[in-house]
Structures are given as C-alpha cells and as structure tokens.
Amino acid sequence: MAYAQPHPRLSVLSNSSLSSAEHLSPASSSRFSLPSAPSINTTSGPKSGARPNIYDRPLNKTRTAEVSSAAFAFLFSEIVQYTQKRVNGINDLERRLNTLGYRIGTRVLELMAWRNESASKAPKRETRFLPALMSIHTHVWRAVFGKPADAIEKSVENADEYMIIDNDPPITRNISVPRDMSSLSCSSFTAGIVEAVLDGLGFSARVTAHNTPTEQYPNRTTILIKLEKSVLEREEALKT
C-alpha cells in the first residue's frame, strides 16, 4: 500500500523518514498526488473591490449623504411600536422616545463639533444662548432632517421658555396616531435630540414636544425649551 507525501506543515516525519517513504509511492500515478497548497496572503489591507469598512470612511465625505426617507420612516415606526408595547401610558412612551432621542443628540453634537473643527481654521463655540438656539434651528435640523426648522419663538409670559416650530416634521410625516392617543407627540424623539445638544453646549434645559396643528399645517409641532435658572443668570451676567 502506498502513502501520499504529507503537506510540509502537517508532516511529523523527519527528512530521512520522508526519503525512505518516497519510493513507496508510485510517481507515475495521479491517484496518490496531493494538490499544491494555496499561497497565503499575509497583507492586512482590504482586498481589491471589497466594500470598505464604515469606520474607514472619512466623516466629512458623509456630510451631504442622504438616507432614504422610506427606510427612515420604517425604522422609526418600528421603534415606536417596539416602545409602545413596553410602556404603561402616553407619558411613559414620550419619556422613552425622549431618552432615545437624547442618545442620538449626543452623537450629533459630537459629529458636528468634529466637522466644524476640521473645516474651520478658527472653530467657534457658542457661549450665548440665542446663537446656540439659532445653530440648532438651522444646522442641527439640517444635519438630522435635511432642512432647517421653520421658526423660533420666545414666550411672552415666561422669560425662560423658547420654542422651535416645525410645520411638517419629517419624523412624524408617515405616522398615524389613534384617536385614543391623540395627545401623543412622537416628536418627543426630536425633543430629546435638542435637549442633548443644549446640555452638551452648557445650556441645561427641559425640552418637550407638543402638537400644535393648524388648518394649513395639520402636523405642526412645537418643541418647547424651558431653561434652567442658572442659564438665565449666566445670560444676565454676560450682558454686563
């Protein structure tokens, strides 16, 4: 009986043992031949034509990237349905959506700060509330929703309250709220994003979302910002 010569990596025989066993294998027969071992490429770089890793993509090149609105609407509806099955009421549902939005807001602020530093030779950090609010109204809204918000208003009754108005929020455009849950505002997710950005900029506030429909804009939403007392005191001190 003839034995095929083992692969060098798998062989446990000495050279002398191999030489003595070679004559047992008929060289003319292909039945006993082993295929040549494939070469092993030890380079660590990605293969040509392979899809690049998302962590290798430069952040600035994704600045103008767009996400399918249908995919976004489907994902958010699944989030709402998943959360709805695990809450006890509307207030609990809005609180959880706010918490999820807060997590997104911290990442949005970090990404925007990095892009601002890399694109500007003298990046500026807002220390006053109104310029920071304008930045949220314009830049944050455009980064998250692809368009700026529609308006900013200040409460005439309370000095610590400001409002961001969105006449047609993309986040709730494809959501149908049942009649028995008419007070539900899924834009609590957006309120969480705003609250996270304000906290990251040093303007502590409580942010909530409220449905304020009109005949022209049935999905109109108001993001209510109620500032902490310490923020108002700091603003007064900076005026002098």
Side-chain angles (χ1 to χ4, degrees), residues 63-64 66 69 72 76 94-95 97-116 119-120 123-173 175 183-240:
R63 183 192 299 267
T64 57
E66 295 183 354
S69 59
F72 178 82
F76 186 69
E94 290 182 340
R95 180 183 59 80
L97 290 176
N98 186 288
T99 301
L100 292 174
Y102 194 97
R103 297 174 183 175
I104 301 297
T106 56
R107 290 161 174 80
V108 169
L109 177 61
E110 180 181 4
L111 179 61
M112 293 185 63
W114 188 93
R115 285 175 174 169
N116 187 30
S120 176
K124 179 183 178 182
R125 179 184 180 274
E126 300 294 349
T127 58
R128 301 296 300 272
F129 174 71
L130 285 180
L133 186 62
M134 286 297 300
S135 177
I136 294 174
H137 164 274
T138 305
H139 302 297
V140 173
W141 239 259
R142 183 177 285 115
V144 178
F145 303 118
K147 69 177 187 69
D150 294 291
I152 293 179
E153 296 180 2
K154 185 181 185 301
S155 174
V156 296
E157 299 177 355
N158 302 310
D160 59 346
E161 291 184 353
Y162 291 81
M163 291 159 280
I164 298 177
I165 311 298
D166 196 336
N167 292 329
D168 187 21
I171 201 169
T172 60
R173 192 172 295 165
I175 291 181
S183 61
L184 170 66
S185 178
C186 292
S187 290
S188 296
F189 183 84
T190 306
I193 296 177
V194 175
E195 185 170 344
V197 174
L198 287 174
D199 284 351
L201 293 175
F203 302 98
S204 301
R206 178 74 178 106
V207 185
T208 54
H210 305 273
N211 298 324
T212 54
T214 63
E215 293 183 2
Q216 185 177 1
Y217 302 107
N219 294 327
R220 186 174 183 266
T221 299
T222 299
I223 305 298
L224 177 62
I225 302 169
K226 190 173 183 63
L227 297 173
E228 296 287 344
K229 184 179 179 180
S230 59
V231 177
L232 295 177
E233 294 174 349
R234 185 177 63 200
E235 287 291 309
E236 289 295 329
L238 291 175
K239 288 180 181 180
T240 57

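Computed from a predicted structure; not experimentally measured. Sequential numbering from 1 along the given sequence is applied to the chain's residues.
Residues Thr221 and Asn219 have side chains not in contact (no heavy-atom distance under 4.5 Å, counting atoms from C-beta outward). The side-chain heavy atoms of Asp166 and Ile223, taken from C-beta on, include no pair separated by under 4.5 Å. Under the 4.5 Å side-chain criterion, counting only non-hydrogen atoms from C-beta, Arg95 is not in contact with Asn98.
Separation of atoms CD1 (Ile136) and OH (Tyr162) is listed at 12.5 Å; rounding is to 0.5 Å. To the nearest 0.5 Å, atoms CG (Leu133) and CD1 (Ile152) are separated by 4.0 Å. To the nearest 0.5 Å, atom CG of residue Asp150 and atom OG1 of residue Thr222 are 10.5 Å apart. Within the model, atoms CZ of Phe189 and OG1 of Thr99 stand 11.0 Å from one another, a figure rounded to the nearest 0.5 Å. Atom CD in Glu161 sits 12.5 Å away from atom CZ in Arg206 (nearest 0.5 Å). Atoms NZ and CE, on Lys226 and Met163 in that order, are 11.0 Å from each other to the nearest 0.5 Å.
Pairing each heavy atom of Pro170 with each of Phe145, the nearest pair is CG-CB, 4.0 Å. Scanning both residues, Thr172 and Ser187, for their nearest heavy atoms gives CG2-OG, 3.7 Å. Between Ala143 and Met112 the shortest heavy-atom distance is CB-SD, 4.3 Å. Nearest heavy atom pair, residue Ala132 against residue Phe203, reads CB-CE1, 3.7 Å. Minimum heavy-atom separation, Glu195 to Val207: OE1-N, 3.5 Å.
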_Before you tell me yes or no, could you show the steps for Thr138 and Arg142 under side chain to side chain contact (heavy atoms under 4.5 Å, CB included), namely the whole-Å CA-CA distance, both residues' side-chain angles and the distance that decides it to 0.1 Å?_
CA-CA 6 Å; Thr138 305; Arg142 183 177 285 115; 3.4 Å; yes
*Could you walk me through whether Phe129 and Leu201 pass the side chain to side chain contact (heavy atoms under 4.5 Å, CB included) test, one step at a time?*
CA-CA 9 Å; Phe129 174 71; Leu201 293 175; over 6 Å; no
*Between Ser188 and Thr208, does a side chain to side chain contact (heavy atoms under 4.5 Å, CB included) hold up when you go through it step by step?*
CA-CA 6 Å; Ser188 296; Thr208 54; over 6 Å; no
*Please assess Asp199 against Thr106 for the test side chain to side chain contact (heavy atoms under 4.5 Å, CB included), listing each intermediate value before the final yes or no.*
CA-CA 9 Å; Asp199 284 351; Thr106 56; over 6 Å; no
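Looking at His137, its side chain does come within 3.5 Å of a backbone N or O of Ala149 through a donor-acceptor pair. A donor-acceptor pair under 3.5 Å is formed between the side chain of Ser155 and the backbone N or O of Glu157. Proximity of a side-chain donor or acceptor of Thr214 to a complementary backbone N or O of Tyr217 within less than 3.5 Å is detected. Judged by distance alone, with hydrogens and angles left aside, the side-chain atoms of Asn211 form a donor-acceptor pair with the main-chain N or O of Leu184 at under 3.5 Å. Side-chain atoms of Glu94 come within 3.5 Å of backbone atoms of Ser185 as a donor-acceptor pair (strictly under, hydrogens ignored).
Taking a cutoff of 4.0 Å between a charged side-chain nitrogen and a carboxylate oxygen, Glu236 and Lys239 qualify as a salt bridge. No salt bridge links Asp160 with Lys229; every basic N to acidic carboxylate O contact stays at or beyond 4.0 Å.
When the shell of 6.0 Å around CD of Glu228 is examined, it contains more than 12 heavy atoms from other residues, nucleotides or ligands. Under a cut-off of 6.0 angstrom, the local environment of CZ in Arg107 is sparse, with at most 12 non-hydrogen atoms contributed by other residues, nucleotides or ligands. Heavy-atom neighbours of Arg173 CZ from other residues, nucleotides or ligands within 6.0 Å: above the threshold of 12.
With Val144 as reference, Val108 is the one residue of Val108, Val197, Thr190, Ile171 to meet the side chain to side chain contact (heavy atoms under 4.5 Å, CB included) rule.
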